[in-house]
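In what follows, a structure is listed as structure tokens, so that the remarks can point back to it.
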Amino acid sequence: MTPEATPPDPELTDLRAVERELQDTLAAMDGVSDLRQLTLLRRDATYLALDLGDLQAAMTHAVACLDLARTSGDAGLTARAHVAVALVMLDVYDDLGADGHFREADALARAAGEVRDVALVAVNASHYELERGRNAAVAARLLELLRSPFRAGLDSAEPGVPPLSTAFHINFVRGAALALQAGELPPELVEEARAQLPVSVRELRAMQTGPQEVAVLRLQPEILESLVAWELLSGRVPVARALATERVRLARASGSQQALGRALLDRARVGAVDARWADMERDAAAAVGAFQRASLDLLAAQARQVQADAQARQGRFEQAFEVQRDLTRRLEGLYREYFQQGALLREIERQASEAEVRAEAFAEAALRDPLTGAPNRAAAMTHLETLLTRAAGGHPSAAALLDLDHFKGVNDRYGHVVGDAVLVRAVQVLTREIRDHDCLARFGGEEFLLLLSGASLPVARRVCERLRAALDAHDWTDIHPELHVTASFGLTVLTAGDEPTQALQAADQALYAAKAAGRNTVREA
């Protein structure tokens, strides 16, 4: 079971109702500026599109959700967006792509210490592993979650969505029971799994008999599926058959062909345990019909395989062969369809990724001086405001305005090409002399703003003297044989209560004093 999407209301088994809800969700996006709210609306749209079987729309909404989440800077929200993309990929059996997004989601959630989101990723990933029959992987993943400090995330819940613990117990009981029954669980996990299974089974039985919220009531078919696996592991086949039959009854009442097909297929597999081959064949054939009516061709193919197995067990090998041959033809077509669908969704994701890279590049370029590559005035002002905020917290820094001496004469005498080369070279020389977290920005023309994070006045003065000396000592003759460049520095300390304009005015006054003193020198405000 995946808890990421809100379980649909019973009336939403009508696809037209789901379409209406999707349109309402899309309409709700108009005029919404809050990034978090927009991200969650995109996530809702993703799951509604999945309910409709519109995988292209689902992927489009999912990558938009991921882009918004990244922009918001919320690690937990971004982790959930990665899960949304992964779940779309699972619908076209792009396991490799889904696994990559699950890993990114897990890393983000763990780095942020978001216990609920780590648990959410684990439970959703375990659901996809169940769908692929990787039962041992389900048990291992969920046991690892129980051993970690992130298990506390299982107790959290969102409005209208079952607690993560509900999905955990459903997935764990089914995965661990099937893995133990098949002898697939690694020896070092067997004892731990057998100890946890009765605990999770008690929780599921309590969900059947105790006070139930609507969200849990909707999960009764999945609870029954897990309890069937537990009863089979325990050797209580009649009890398992009774639970499977109850699941079929609930599925018929729901009107969902997908739910009915899954329930019938589950009961057919129970029939195989105690050699009820005729019952197994009848349920499998009925499951094929339900899945076909729901246009779930891959699940119909699985049911056909069970049907053929039952026919073979009854000695009707010719019929079983015909079913298998028809199954092979259908699977060939399914393979092409899923391959094409998967390729299309990967193209949507690739285009979204490229657009994101371009957007990041444009955003970066907007904060860079196109000639020198140094941060521009806009970037410098943002950095200055950050340092002033830190100064208010008791962490003073320093700022200096520096001006290349007699630069107008360089342009007039040697031309603007040489002048541009001087600006580029000056940035290169100065940048080599400062720390990575300091900032040298082109402020305008031949004027630069130097921001020294956490530097006291004596330290800042030594830095400025070093920079001044570096320019003075540099060999400029490769640009022009007669060229020599120096700079004047006006230095000030950023203190609590300063406004950006005040800091810049103080640095500018110090720079004026440096020029008045003959240039190629450092003066303090």
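We number each residue from 1, following the sequence as shown.
Across every non-hydrogen atom of Arg134 and Tyr128, the tightest pair is NH1-OH, 3.1 Å. Nearest heavy-atom pair across Ala81 and Cys65 is CB-SG, 3.6 Å. Leu180 and Ala193 get closest at one heavy-atom pair: CD1-CB, 4.5 Å. In terms of heavy atoms, Ala136 sits closest to Glu184 at CB-O, 3.7 Å. Here the closest non-hydrogen pair linking Leu185 and Ala139 is CD1-CB, 3.7 Å. Shown here for Leu264 and Arg252, the closest heavy-atom pair between the two residues is CD2-NH2, 4.2 Å.
With Glu281 as reference, Gln311 is the one residue of Gln307, Arg313, Gln311 to meet the side-chain hydrogen bond (donor to acceptor under 3.5 Å, both in side chains) rule. Only one option out of Ile223, Leu224, Thr166 pairs with Leu204 in a side-chain contact (heavy atoms from CB on, under 4.5 Å); it is Ile223.
Atoms CG and OG1, on Leu494 and Thr386 in that order, are 11.5 Å from each other to the nearest 0.5 Å. Going from atom CH2 of Trp230 over to atom CG of Leu197 covers 5.5 Å, rounded to the nearest 0.5 Å. The line from CG of Leu387 to OG1 of Thr382 is 11.0 Å long, rounded to the nearest 0.5 Å. With values rounded to the nearest 0.5 angstrom, Asn171 atom CG is found 7.0 Å from Ser226 atom OG. Here the CG-OG distance, from Leu143 to Ser126, works out to 11.0 Å after rounding to the nearest 0.5 Å. Taken from NE2 in His383 to CG in Leu388, the straight-line distance is 10.5 Å, to the nearest 0.5 Å.
Panel note: side chain Ser72, backbone Asp74; a donor-acceptor pair is recorded below 3.5 Å. Without hydrogens or angle criteria, Asp266 side chain to Arg262 main chain gives no donor-acceptor distance under 3.5 Å. Without hydrogens or angle criteria, Arg205 side chain to Leu227 main chain gives no donor-acceptor distance under 3.5 Å. Put simply, the side chain of Arg80 gets close to the backbone of Gly76: a donor and an acceptor are under 3.5 Å apart. Here the side chain of Arg151 pairs a donor or acceptor atom with the backbone of Leu146 at under 3.5 angstrom. With Gln314 contributing its side chain and Ala310 its backbone, the two residues share a donor-acceptor pair below 3.5 Å.
Note on Arg249 versus Glu246: salt bridge recorded, some NZ/NE/NH1/NH2 to OD/OE distance being below 4.0 Å. At a threshold of 4.0 Å, the pair Arg70-Asp67 does not count as salt-bridged, since none of the basic side-chain nitrogens sits closer than that to a carboxylate oxygen. Under a 4.0 Å N-O distance rule, the pair Asp279/Arg282 qualifies as a salt bridge.
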Gln196 vs Ser200, side-chain hydrogen bond (donor to acceptor under 3.5 Å, both in side chains): CA-CA, chis, key distance, verdict
CA-CA 6 Å; Gln196 176 60 34; Ser200 290; 3.0 Å; yes

Under the criterion side-chain contact (heavy atoms from CB on, under 4.5 Å), I'd like the reasoning laid out for Glu231 against Val237: C-alpha separation, chi angles, the key distance, then a yes or no.
CA-CA 7 Å; Glu231 297 298 345; Val237 181; over 6 Å; no

Step by step, would you call Thr78 with Thr39 a side-chain contact (heavy atoms from CB on, under 4.5 Å)?
CA-CA 9 Å; Thr78 306; Thr39 303; over 6 Å; no

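Within 6.0 Å of CD in Glu191 there are 12 or fewer heavy atoms belonging to other residues, nucleotides or ligands. Heavy atoms of other residues, nucleotides or ligands lying less than 6.0 angstrom from CZ of Arg110 number more than 12.
Within the 4.5 Å cutoff, side-chain heavy atoms of Leu87 are placed close to those of Phe102. Between Phe150 and Asp117 there is no side-chain heavy-atom pair separated by less than 4.5 Å. For the pair Leu145 and Leu154, the minimum side-chain heavy-atom distance is below 4.5 Å. The shortest side-chain heavy-atom distance between Arg147 and Glu192 falls under the 4.5 Å cut-off. The shortest distance between side-chain heavy atoms of Pro149 and Val115 does not fall below 4.5 Å. By the 4.5 Å heavy-atom criterion applied to side chains, Met207 and Arg202 are not counted as neighbours. You'll find the side chain of Arg42 stays beyond 4.5 Å of the side chain of Leu38, heavy atoms only. No side-chain heavy atom of Val228 sits less than 4.5 Å from a side-chain heavy atom of Arg247.
No side-chain N or O of Glu385 forms a donor-acceptor pair with one of Thr389 less than 3.5 Å apart. No side-chain donor-acceptor contact under 3.5 Å links His61 and Thr46.
Ring orientation note: the planes of His82 and His101 are tilted relative to one another, at an angle of 30° to 60°.
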